[in-house]
2 protein chains.
Amino acid sequence: MTKTKEKKADQPPLKRGSGVTHVYETLRNEIIELKLTPGSPIDEVQLSERFSLSRTPIREALVRLAAEGLITTLTNRATIVSNIDFLNLGDFFDALTLMYRVTTRLAAQNHRPEHVAEIQAFQDAFARTVAEQDVLGMIASNRDFHVAIAKAGGNRYYIELFTRLLDEGRRILRLYYSSFNDKLPQQYVTEHEHIIAAIVARDIALADELARVHADQIVSQIQSYISADTRPNASLSL
Amino acid sequence: MTKTKEKKADQPPLKRGSGVTHVYETLRNEIIELKLTPGSPIDEVQLSERFSLSRTPIREALVRLAAEGLITTLTNRATIVSNIDFLNLGDFFDALTLMYRVTTRLAAQNHRPEHVAEIQAFQDAFARTVAEQDVLGMIASNRDFHVAIAKAGGNRYYIELFTRLLDEGRRILRLYYSSFNDKLPQQYVTEHEHIIAAIVARDIALADELARVHADQIVSQIQSYISADTRPNASLSL
DNA sequence: GGACAATTATTTGTCGACAAATAAAATTTA
DNA sequence: TAAATTTTATTTGTCGACAAATAATTGTCC
């Protein structure tokens with residue numbers, strides 16, 4: 001309840017340079033979880049009141065978010081939560097698939113025992129959310145699972161890009177989670193298990209192939225959600 | 001104290017929100033061109049004097065650079081120009097090669113006439129710098145050439161990552177350009193021509209293969225520079 | 001003389017305030 | 001009444017200043 005979270009009056013003196021990080025991470029999560037809807041304006045003074053901070057650290061956090069593409073700043077005008085770019089979803093799917101493959105390959109190649117343990121832990125969490133029909137939890141733990149694989153691969157450039165893509169994917173999936181089909185997720189659990197096995201066996205070619213199939217699966221599912229969406233103008237980037 | 005700063009008294013009233021962009025771009029170039037050497041400290045007040053701006057916009061530019069990984073901020077302590085990470089150069093080469101291939105493939109697939117013109121223009125610039133033995137110009141125009149190919153491919157995620165990788169490569173190459181061998185560059189000109197031909201012919205497989213060979217060529221050349229470097233402790237990340 | 005402690009100095013992070021730029025409202029005018 | 005123009009209001013970008021955190025310096029004691 002009264003944790004050190006956002007509320008009007010919290011304990012101001014947390015630490016010296018931690019305010020910006022807190023604001024950044026909080027807003028980042030809210031954007032990814034669609035608590036802040038795409039296109040909605042960001043009011044600096046409102047945020048400064050909410051976090052009990054001056055506008056300066058708020059601004060710094062916003063610059064970081066803008067550098068990541070999560071918010072868009074119209075100079076001298078408003079700054080808004082970035083829209084999901086439905087027109088270029090193909091780019092997104094292409095890059096996502098490539099990162100699925102490359103990171104899984106590298107994991108099979110470079111992983112160490114502790115990595116497998118972490119991957120398995122997130123896979124357990126994923127299986128749990130599937131069993132509980134917790135769709136939002138599924139989306140999050142699936143993301144953690146693949147980020148863990150990327151970390152086992154070790155290439156920091158891939159880790160960074162892949163993380164961004166997966167988080168962007170979380171935004172997209174949240175838009176359509178209402179139409180989630182309860183039968184498919186179990187298949188993902190199985191596919192994850194196979195991917196883990198291929199990584200442990202250091203079978204690079206198999207890991208690559210499984211990742212590709214897995215990615216195609218997810219991409220086509222998202223696409224089916226989008227095309228099944230009946231809301232008028234829902235696929236327009238506004 | 002009063003040493004020669006670029007332009008002490010320039011035209012202050014440029015435009016309202018353009019100060020940060022100017023500072024950002026200027027510093028970015030200086031970092032990439034190694035005018036600001038890795039590890040050297042960034043003094044905010046010194047910069048604010050140099051650009052005739054308050055510390056606030058300077059700070060904003062620095063946050064952007066930090067988000068890109070070009071500078072490193074030690075909280076409450078100094079902020080320095082990021083070091084070149086020689087220990088993980090393998091990651092860099094791997095990601096660079098992948099982006100070479102993927103962007104060239106996509107260019108063969110998606111390019112339009114105006115893209116070819118732009119690519120050819122940068123290739124001409126590259127050939128010119130090779131003829132003039134202008135090594136620094138070579139490095140820059142080679143980068144522009146491949147960024148143009150990435151833009152012809154059209155995938156914004158690849159464009160962004162590739163640009164960052166190529167700029168990081170500029171930093172590395174600048175460290176070793178003194179030992180440049182004058183015979184090899186001509187080969188790059190030829191390889192570039194072949195890549196353009198493959199793109200124009202929309203031969204995706206050939207474009208991919210040429211890009212791979214080209215990337216391997218460059219990677220092995222950089223590696224030979226590094227291993228041939230005789231400076232003591234030169235390969236240490238300090 | 002060297003190690004430790006206290007003091008000073010420098011630098012960073014944050015603040016409140018002001019001015020430019022834009023949006024919104026009010027007024028005028030045809 | 002509607003378009004155009006002036007006035008007001010809101011919001012962003014920038015500034016100078018202050019306080020916390022750290023580094024540098026000095027002083028003290030063994």
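Quick note on labels: first sequence line is chain A, next is B, and so on, each numbered from 1.
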Please report the distance, rounded to the nearest Å, between [atom1] in [X] and [atom2] in [N].
{"X": "B/Asn76", "N": "D/dA20", "atom1": "CG", "atom2": "P", "answer": "12 Å"}
{"X": "B/Ile58", "N": "D/dT14", "atom1": "CD1", "atom2": "P", "answer": "10 Å"}
{"X": "A/Glu44", "N": "D/dT11", "atom1": "CD", "atom2": "P", "answer": "10 Å"}
{"X": "B/Phe51", "N": "D/dC15", "atom1": "CZ", "atom2": "P", "answer": "13 Å"}
{"X": "A/Leu53", "N": "C/dG16", "atom1": "CG", "atom2": "P", "answer": "10 Å"}
{"X": "A/Ile80", "N": "D/dT11", "atom1": "CD1", "atom2": "P", "answer": "16 Å"}
{"X": "A/Arg55", "N": "D/dT11", "atom1": "CZ", "atom2": "C1'", "answer": "8 Å"}
{"X": "A/Leu47", "N": "D/dT11", "atom1": "CG", "atom2": "P", "answer": "12 Å"}

Exercise. In this structure, which one of A/Leu161, A/Asp167, A/Leu165 forms a side chain to side chain contact (heavy atoms under 4.5 Å, CB included) with A/Thr163?
Worked result: A/Asp167
For this session: Check the pair A/Glu68 / A/Arg28 against salt bridge (Lys or Arg N to Asp or Glu O under 4.0 Å), numbers first and verdict last.
Result: CA-CA 10 Å; A/Glu68 248 181 287; A/Arg28 181 185 152 79; 2.5 Å; yes
Exercise. Toward the 5' end of DNA chain C, which comes first, A/Thr75 or A/Ser54, by nearest nucleotide?
Worked result: A/Ser54
Problem set entry | Any N/O donor-acceptor pair, A/Arg16 side-chain to D/dA20 base, under 3.5 Å | yes
For this session: When you get a sec, tell me which of D/dC15, D/dT12, C/dT11 is the closest nucleotide to the side chain of A/Asp43?
Result: D/dT12
Exercise. When we call it a touch if two heavy atoms are under 4.0 Å apart, what does A/Leu74 touch: a base, just sugar-phosphate, or nothing?
Worked result: nothing
Exercise. Closer than 4.0 Å, any side-chain N/O of B/Arg77 to the OP1 or OP2 of C/dT12?
Worked result: no
Exercise. Taking the side chain from A/Ser40 and the backbone from A/Leu36, do they hold a donor-acceptor pair closer than 3.5 Å?
Worked result: no
Seminar exercise, completed: Note: for A/Thr56 and A/Ala78 on DNA chain D, the residue whose nearest nucleotide lies more 5' is A/Ala78
Exercise. Under 30°, 30 to 60°, or over 60°: which ring-plane class applies to B/His192 and B/Phe145, parallel, tilted or perpendicular?
Worked result: parallel
Exercise. Using 4.0 Å as the upper bound for N to carboxylate O, is an ion pair formed by A/Glu168 and B/Arg156?
Worked result: no
